[in-house]
Amino acid sequence: MTTVHTPADWPVTEEEARAVQDALRTRVVLDEPGPPPGTGHVTGVDVAYDDERDLVAAAAVVLDAARLDVVAEATAVGRISFPYVPGLLAFREIPTVLAALDALPCAPGLVVCDGYGLAHPRRFGLASHLGVLTGLPTIGVAKNPFTFTHDEPDTPRGSTAPLLAGREEVGRALRTRDGVKPVFVSVGHRTGLDNACAHTLALTPAYRLPETTRRADALCRRALTEAAAG
DNA sequence: GCGACAG
DNA sequence: ATCTTGTCGC
């Protein structure tokens with residue numbers, strides 16, 4: 001497990017953070033299909049917080065995309081770098097997530113984030129931000145529709161409905177289990193929406209949330225508990 | 001102006 | 001995100 005320190009030039013105010021998003025958003029690549037599902041590595045990242053102790057723990061878990069078993073994992077802990085502000089989640093999560101990714105012994109392949117990419121007030125959510133900073137293909141799989149609207153997808157797993165910001169499709173509501181609340185998929189960086197949904201389905205053979213997310217969630221919670229204790 | 005709002 | 005046990009159901 002590695003320890004991180006927030007960069008000296010990290011934004012302090014919401015205005016500064018929004019300015020960073022506006023500067024980096026031009027670097028998002030949307031015209032690549034991304035890696036094909038079921039091949040190579042797929043990596044889940046997630047973060048857990050202890051606001052009382054000013055602690056944050058991140059985990060990165062690399063899965064074999066075909067077998068969905070764990071190939072490698074890494075964690076990082078640090079101090080909280082930004083408060084939670086809707087639309088600015090990346091500034092709270094990214095320093096620690098980057099450290100966890102850096103600590104991996106192998107290439108991550110596609111990175112699956114807990115949250116949004118393109119589906120964002122300025123079209124630059126966590127997954128897009130992480131993609132631009134690392135150059136890696138990324139997607140976002142969120143548990144809630146945020147500020148966006150959507151029709152109910154049909155009952156069977158695999159059904160989708162556009163996730164809309166007004167009339168613009170910024171992602172997709174994707175049902176990963178028959179009759180269960182959908183997840184909300186959006187493109188991060190260097191990956192197409194169809195492919196992002198295909199990956200999400202490949203990662204959900206048994207549960208609503210991707211195996212990547214489930215593994216990373218369990219690991220970062222464990223890391224946070226250990227950091228708070230020792 | 002007020003409320004809602006990824007994690 | 002986080003506070004939190006059991007419980008109903010496939």
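Every chain is numbered from 1, with letters handed out A, B, ... down the list of sequences. All values reported here derive from a predicted model rather than from experimental measurement.
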Distance in angstrom units between A:Glu52 CD and C:dA1 P, rounded: 17 Å
Distance in angstrom units between A:Phe148 CZ and B:dG7 P, rounded: 12 Å
Give a yes or no on whether A:Leu126 and A:Tyr84 share a hydrophobic cluster (residues Ile, Leu, Val, Met, Phe, Trp, Tyr; joining criterion: side-chain heavy atoms under 4.5 Å apart). yes
Does a donor on one side chain and an acceptor on the other come within less than 3.5 Å for A:Thr204 and A:Arg157? yes
Look at A:Asp22 together with A:Arg25 and state whether they make a salt bridge at an N to O cut-off of under 4.0 Å. yes
Give the rounded distance in Å between these two atoms: CD1 of A:Ile94 and C1' of B:dA6. 13 Å
Of the options C:dT2, B:dA6, B:dG7, whose atoms approach the side-chain atoms of A:Asp114 most closely? B:dG7
If you compare every side-chain N and O of A:Arg92 against the phosphate oxygens of B:dA6 (OP1, OP2), does one of them come in below 4.0 Å? no
Atom pair distance, as rounded to whole Å: NZ in A:Lys181 and C1' in B:dA6: 11 Å
Once you measure the plane-to-plane angle for A:Tyr116 and A:Phe148, does it fall in the parallel (<30°), tilted (30-60°) or perpendicular (>60°) bin? perpendicular
Let's see if you can work this out: which of C:dT2, B:dG7, B:dC5 has an atom nearest to the side-chain heavy atoms of A:Leu224? C:dT2
Tell me the interatomic distance from A:Arg208, atom CZ, to C:dC10, atom C1', rounded to whole angstroms. 18 Å
For A:Tyr49 and B:dG7, is the gap between ring centres under 5.5 Å while the planes differ by less than 30°? no
Starting at NE2 of A:His120 and ending at C1' of B:dG7, how long is that distance when rounded to a whole Å? 12 Å
Counting any heavy atom closer than 4.0 Å, what does A:Gly140 reach on the DNA or RNA strands: base, sugar-phosphate only, or nothing? nothing
Please determine whether the number of non-hydrogen atoms from other residues, nucleotides or ligands lying under 6.0 Å from atom CZ of A:Arg122 exceeds 12. yes
Under 4.0 Å from OP1 or OP2 of B:dG7: is there any side-chain N or O of A:Asn144 that close? yes
Sugar-phosphate only, base, or nothing, as touched by A:Asp46 at under 4.0 Å among non-hydrogen atoms: sugar-phosphate
To the nearest angstrom, the CG-C1' distance between A:Asp217 and C:dT2 comes to 12 Å
If the cut-off is 4.0 Å, is A:Lys143 near the phosphate of B:dG7, judged by side-chain N/O to OP1 or OP2? yes
How would you label the contact of A:Ile80 with the nucleic acid (heavy atoms, under 4.0 Å): base, sugar-phosphate, or nothing? nothing
Let me know the distance between OH of A:Tyr84 and C1' of B:dA4, rounded to the nearest Å. 10 Å
Contact class for A:Ala48 vs. all strands (heavy atom < 4.0 Å): base, sugar-phosphate, or nothing? sugar-phosphate
